[in-house]
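This report refers to the structure that appears directly beneath it.
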There are 2 protein chains.
Amino acid sequence: MFSQTVEYALRAVVFLAHRSPNPGICEDIALGTKVPRPYMAKVLQGLVKAKILHSQRGLGGGVTLNIEPANLTLLQVVNAVDPIKRITRCPLDLASHGVKLCPLHRRVDSALASIEQAFGSTTLAEILSETGGSIPLCDFSPKRFTLNQVTAVPPERKKGRQSFPNSGKD
Amino acid sequence: MFSQTVEYALRAVVFLAHRSPNPGICEDIALGTKVPRPYMAKVLQGLVKAKILHSQRGLGGGVTLNIEPANLTLLQVVNAVDPIKRITRCPLDLASHGVKLCPLHRRVDSALASIEQAFGSTTLAEILSETGGSIPLCDFSPKRFTLNQVTAVPPERKKGRQSFPNSGKD
DNA sequence: TCAATATTGGACAAGATAGTCTTATTCTAG
DNA sequence: CTAGAATAAGACTATCTTGTCCAATATTGA
């Protein structure tokens with residue numbers, strides 16, 4: 001029903017939110033979410049293009065959330081990689097139906113609306129706070145913090161990308 | 001979001017329900033629902049295999065609903081051609097999650113549940129009765145009744161497939 | 001400036017879905 | 001029994017999604 005890309009994007013965003021505002025590198029994210037690395041890179045690119053994430057190249061770089069978890073809904077993530085297309089016109093292009101949907105497509109669109117509702121009403125922050133004993137995705141230890149550094153917080157970025165430039169929708 | 005196959009299957013079933021209990025031939029259904037004929041044939045086959053429809057070969061044959069419109073929900077049709085797969089186990093197979101879903105997948109599954117709810121609560125009969133001025137799909141005139149016969153009801157089938165053998169779910 | 005790190009982007013392969021076509025098979029009518 | 005009508009079934013093509021790989025580019029730190 002939902003594409004792999006959507007599933008992977010959601011995992012990545014939750015993973016990132018969990019470490020927010022620390023950046024995550026593709027390899028860690030892929031490992032932590034059990035997604036093939038090369039494919040995760042592609043999914044991440046899509047999220048960067050949609051302004052959900054911010055990417056920083058070079059040493060010490062990685063991707064970070066571009067929106068505060070409290071202001072980022074699952075729907076925004078879903079729409080960024082695989083938009084939910086509501087039905088606004090008769091798919092059969094019947095003149096007699098005009099802009100009014102027939103009973104069938106009214107129901108289909110209503111199902112679509114309920115998905116929007118379900119995803120739109122949940123923020124990343126809620127997901128994080130709701131860990132009933134189990135961390136959202138996994139308890140895997142990322143490469144950077146175990147192998148390279150032991151500090152919980154990485155050294156301050158020079159360019160100061162530590163805060164969230166966008167506080168809400170784009 | 002929903003596959004073409006699902007969309008086409010729903011159109012076909014509504015089309016058939018609208019003429020129920022008269023049989024419809026593939027060509028008419030394809031024309032009336034604006035679906036490529038050969039592909040409609042394949043979709044119809046799937047619905048027959050799922051016992052939603054009954055097919056009758058030979059002269060005067062065609063496909064008919066196998067379930068009364070009042071007892072047939074959109075969900076049954078959707079599940080017949082492209083089943084909604086609810087999430088019952090952690091897709092990452094994390095031991096720490098066990099059978100309990102993490103907050104993310106709880107939400108995704110809940111979105112899936114809302115689709116089931118939306119489609120499961122509507123019967124074909126409701127769709128038909130809800131024609132607010134516009135016939136569910138179209139006002140196309142089928143080949144059989146315009147070219148071959150003018151009678152509203154086709155001649156009785158010898159084998160007597162006029163009634164609905166299954167009154168509800170399979 | 002040099003080297004290491006990490007994203008970017010494009011080419012490429014495999015698999016699933018969508019759509020087409022042709023040949024059987026089944027049934028009715030005469 | 002035969003001819004015609006209609007579905008059944010399978011092979012086949014095309015397109016989209018998923019997944020892989022590699023070279024190019026950007027950034028940091030020394």
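Keep in mind it's a predicted model, so treat the numbers as computed, not measured. In what follows, every chain begins at residue 1, and chains take the letters A, B, ... in the order their sequences are listed.
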Starting at atom CZ of B:R37, determine the distance to atom C1' of C:dT20, rounded to an integer number of angstrom. 12 Å
Strictly by modelled atom types, are B:D82 and B:T5 linked by a side-chain donor-acceptor pair under 3.5 Å? no
Does the C:dT20 base have a donor-acceptor partner in the side chain of B:K42 within less than 3.5 Å? yes
To the nearest angstrom, how far is B:M40 atom CE from D:dA9 atom P? 17 Å
Roughly how many Å is it from NE2 in B:H54 to P in C:dT26, rounded to a whole number? 14 Å
Would you give the length of the straight line joining atom NE2 of B:H105 to atom CD1 of A:I127, rounded to the nearest 0.5 angstrom? 9.5 Å
Any donor-acceptor N/O pair, B:T122 side chain to B:F119 backbone, under 3.5 Å: no
Heavy-atom nearest nucleotide on DNA chain C taken for A:V48 and for A:G58; more 5' hit belongs to A:G58
Distance below 4.0 Å between A:Y8 side-chain N/O and D:dG19 OP1 or OP2: yes
At under 4.0 Å, does any side-chain N or O of B:S55 touch on OP1 or OP2 of D:dA6? no
I need the CZ-C1' distance between B:R11 and C:dA18, as an integer number of Å. 14 Å
With a non-hydrogen cut-off below 4.0 angstrom, is B:P36 in contact with a base, only sugar-phosphate, or nothing? sugar-phosphate
Given atom NZ of B:K85 and atom C1' of C:dA16, what is their separation to the nearest angstrom? 12 Å
Would you mind telling me which residue lines up with the more 5' stretch of DNA chain D, A:P38 or B:A41, judged by nearest nucleotide? B:A41
Answer yes or no: does a side-chain N or O of A:Q56 lie under 4.0 Å from OP1 or OP2 of D:dT28? yes
Is there a donor on the side chain of A:Q45 or the base of C:dG9 sitting less than 3.5 Å from an acceptor on the other? yes
Can you tell me how far P of C:dG15 sits from OH of A:Y39, to the nearest Å? 15 Å
Distance in angstrom units between A:L59 CG and D:dT28 P, rounded: 9 Å
Using atom types as modelled and distance alone, determine if a side-chain donor or acceptor of B:R106 lies under 3.5 Å from a backbone N or O of B:L101. yes
Can you measure A:I29 atom CD1 to C:dT5 atom P for me and round it to whole angstrom units? 18 Å
State which of D:dT25, C:dA18, D:dT7 makes the closest approach to the side chain of B:R57. D:dT7
N or O in side chain of A:T5 less than 4.0 angstrom from D:dT17 OP1/OP2: no
Of all heavy-atom pairs between A:K85 and A:L112, which one has the smallest distance, and what is that distance? O-CD2, 3.5 Å
